[in-house]
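Worksheet: the structure to be examined is printed underneath.
Keep in mind it's a predicted model, so treat the numbers as computed, not measured.
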Number of protein chains: 2
Amino acid sequence: MPAHPQTSTAAVVAAGRRLLEERGVDALTMREVADAVGVRAPSLYKRVRSRSDLFRLVLEDVADELTSVLDAAAMTGDPVADLGAMAAAYRRFAHANPVTYTLMMAPQAIPGATARSVRSSATFLNTVARLAGPMHALPAARTIVAWAHGFITMELAGAFRLGGDVENAWDFGLNRILAAIRRPAD
Amino acid sequence: MPAHPQTSTAAVVAAGRRLLEERGVDALTMREVADAVGVRAPSLYKRVRSRSDLFRLVLEDVADELTSVLDAAAMTGDPVADLGAMAAAYRRFAHANPVTYTLMMAPQAIPGATARSVRSSATFLNTVARLAGPMHALPAARTIVAWAHGFITMELAGAFRLGGDVENAWDFGLNRILAAIRRPAD
DNA sequence: TGGTAAGGCTAATATATTTAGCCTTCACGG
DNA sequence: CCGTGAAGGCTAAATATATTAGCCTTACCA
């Protein structure tokens with residue numbers, strides 16, 4: 001009955017991403033994805049090599065979107081303001097995509113996707129360099145990213161259980177770290 | 001033929017942990033675990049409720065060990081030295097158990113295991129309080145843990161690809177953050 | 001108008017987890 | 001002694017999944 005396309009790789013990836021985010025990693029079965037795009041499971045193999053390949057494509061999609069979000073966040077030219085905005089955008093993205101964000105940053109996931117979102121953000125490194133000086137730009141950038149990623153991961157994991165104000169902890173950490181990273185004398 | 005025990009829950013968990021760490025998450029099958037402890041797969045259900053229950057038990061085991069390691073690391077009484085030692089011990093543990101460490105900290109994993117390792121470390125919070133003052137102890141502790149966890153995760157994920165000295169970035173981050181967290185006036 | 005390739009489909013294969021139900025051994029009370 | 005019951009194995013079977021094989025239809029194009 002079917003002639004040419006009834007779906008597309010992009011639709012398959014989008015369905016997989018939605019499924020992953022809304023119903024978790026175990027719900028990403030070929031059967032569910034196929035249902036979502038309106039074909040039978042074996043037909044998906046005309047679009048993706050395998051389930052793990054679909055996984056990879058979904059996470060790359062997420063990484064690409066994160067990169068865009070970050071690149072669009074630095075606007076003012078003031079390094080402290082811009083880094084704050086990028087960190088906030090980063091956190092907002094993770095909150096909007098908790099499952100896929102976490103998976104994207106996990107080791108087994110994609111060799112490359114983690115680095116991808118960061119590496120491609122030359123904007124970020126430049127902004128850090130303006131704050132920390134070129135000598136310390138790389139370790140300073142690593143400090144900020146590590147903190148932000150760690151904070152968000154723990155937050156999403158529900159690891160902050162001792163009460164207190166999590167927003168306050170975010171602001172505290174961001175302010176202290178940016179201050180600590182500023183180059184001593186200029 | 002068999003009468004009483006041929007294995008034990010502890011042995012099953014230990015085998016699962018070894019398998020997970022050495023061969024990755026896909027290798028943790030009931031069949032492999034059963035082979036490792038010398039029984040057939042269905043017999044494992046006399047020990048654990050399900051595969052995901054075994055998963056949970058393995059990660060709890062890892063979390064408990066991490067807690068012990070951290071509690072043992074603070075020795076000198078000087079908060080900066082002690083926090084540095086705890087951070088180093090934390091990182092060393094993660095390097096020795098990369099797969100299970102990462103899984104333990106992942107959201108879907110165990111509601112509780114993430115918090116567990118941190119919450120049970122009252123030692124850590126006390127040490128931070130001595131450095132940051134009681135007002136800021138909680139956000140300061142969250143800043144340190146977030147940074148350390150984020151750094152280690154990215155490091156294990158191979159996210160630090162822009163060259164540079166990763167050891168140097170660790171020392172840089174630790175020193176700057178500890179300095180930034182110290183209470184302004186005392 | 002007929003060949004061809006894209007893109008569906010069903011059927012079959014292989015591997016997982018998990019449940020059902022059986023069988024043997026041991027400890028222990030009569 | 002012996003018989004009984006529970007612990008803890010086992011095999012067989014049910015269910016779910018990814019994946020492969022091979023077929024069939026449609027649209028395009030020479």
Side-chain angles (χ1 to χ4, degrees), chain A residues 1-61 99-100 103-104 106 108-111 113, chain B residues 1-61 99-100 103 106 108-111:
Chain A
M1 182 143 36
H4 268 171
Q6 204 160 322
T7 183
S8 67
T9 303
V12 168
V13 171
R17 180 170 168 181
R18 199 168 336 108
L19 217 42
L20 200 52
E21 195 58 73
E22 290 174 4
R23 310 212 350 241
V25 58
D26 286 346
L28 187 73
T29 66
M30 299 306 264
R31 170 76 193 287
E32 289 278 359
V33 173
D35 281 358
V37 300
V39 299
R40 302 296 193 138
S43 300
L44 293 179
Y45 292 83
K46 299 283 162 91
R47 307 293 174 185
V48 300
R49 204 184 312 283
S50 64
R51 178 179 184 269
S52 64
D53 189 47
L54 172 54
F55 230 90
R56 185 181 56 78
L57 291 172
V58 167
L59 298 187
E60 278 178 10
D61 188 60
V99 177
T100 45
L103 288 172
M104 183 188 73
Q108 343 67 315
I110 328 161
Chain B
M1 180 144 34
H4 269 172
Q6 204 158 322
T7 182
S8 65
T9 301
V12 168
V13 171
R17 179 170 170 182
R18 200 168 335 108
L19 219 40
L20 200 52
E21 195 58 72
E22 288 174 5
R23 309 209 354 238
V25 58
D26 287 344
L28 188 73
T29 66
M30 299 305 265
R31 171 76 194 289
E32 289 279 358
V33 173
D35 280 359
V37 300
V39 300
R40 301 296 192 137
S43 301
L44 294 179
Y45 291 83
K46 299 285 162 92
R47 307 294 174 187
V48 300
R49 203 183 313 285
S50 65
R51 178 180 182 268
S52 65
D53 188 50
L54 172 56
F55 231 90
R56 185 182 57 76
L57 292 171
V58 167
L59 297 187
E60 279 179 10
D61 189 59
V99 177
T100 46
L103 289 172
Q108 346 64 317
I110 328 162

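With hydrogens and angles ignored, the 3.5 Å screen pairs no side-chain donor or acceptor of A/Arg47 with any backbone N or O of A/Val13. Between the side chain of A/Ser50 and the main chain of A/Asp53, a donor-acceptor pair closer than 3.5 Å is present.
A sub-4.0 Å separation between OP1 or OP2 of C/dA16 and a side-chain N or O of B/Arg31 is absent. Put simply, A/Arg51 has a side-chain N or O that comes within less than 4.0 Å of OP1 or OP2 on D/dA18.
Atom CZ of A/Arg51 is separated from atom OH of A/Tyr45 by 9.5 Å, given to the nearest 0.5 angstrom. Going from atom CD of A/Gln6 over to atom CZ of A/Arg40 covers 11.0 Å, rounded to the nearest 0.5 Å. The line from OG1 of A/Thr29 to CG of A/Leu44 is 9.5 Å long, rounded to the nearest 0.5 Å. Atom CZ in A/Arg56 sits 7.5 Å away from atom CZ in A/Arg49 (nearest 0.5 Å).
In this structure the side chain of B/Val25 never reaches within 4.5 angstrom of the side chain of B/Val99, judged on heavy atoms.
C/dT17 atom C1' lies 11 Å from atom CG of B/Leu44, rounded to whole Å. When the C1' atom of D/dT17 is taken as reference, atom CG of A/Leu54 falls 14 Å away, rounded to whole Å. Separating the CD atom of B/Gln6 from the P atom of C/dT24 is a distance of 15 Å, rounded to the nearest angstrom. The interatomic distance linking B/Arg40 (CZ) with C/dT18 (C1') rounds to 17 Å, in whole Å. Look at CE on B/Met30: it is 15 Å from C1' on D/dC10, rounded to the nearest Å. Atom CG of B/Asp53 and atom P of C/dT17 are 14 Å apart (whole Å). In this entry the distance linking NE2 of A/His4 with C1' of C/dT4 reads 10 Å, nearest Å.
The side chain of B/Val39 lies closest to D/dG9, out of D/dT19, C/dT10, D/dG9. Side-chain proximity of A/Ser50 to the nucleotides C/dG8, D/dT19, C/dT17 is greatest for D/dT19. Checking D/dC10, C/dG8, D/dT19 against every side-chain atom of B/Lys46, the shortest atom distance belongs to D/dC10. For B/Thr7, whose side chain is taken as the heavy atoms from C-beta onward, the closest listed nucleotide among C/dG8, C/dT17, D/dG9 is D/dG9. The side chain of B/Pro42 lies closest to C/dA20 when the candidates are D/dG9, D/dA18, C/dA20. Minimum atom distance to the side chain of A/Ser43 is reached by C/dC9, of the listed D/dA18, C/dC9, D/dA7. Each of C/dT17, D/dT20, C/dG7 was ranked by its minimum atom distance to the side chain of B/Tyr45; first place goes to C/dT17. Of the listed nucleotides (C/dG7, D/dG9, C/dT17), C/dG7 has the atom at the smallest distance from the side chain of A/Arg47.
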| request: In sequence, state the C-alpha distance, the side-chain angles, and the governing distance for B/Val12 and B/Lys46, and then conclude on side-chain contact (heavy atoms from CB on, under 4.5 Å). | output: CA-CA 11 Å; B/Val12 168; B/Lys46 299 285 162 92; over 6 Å; no

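Only at 4.0 angstrom or more do the heavy atoms of residues 15-24 of chain A sit from any atom of DNA chain C, so none qualifies.
Here A/Thr29 lies in heavy-atom contact (under 4.0 Å) with sugar-phosphate atoms only.
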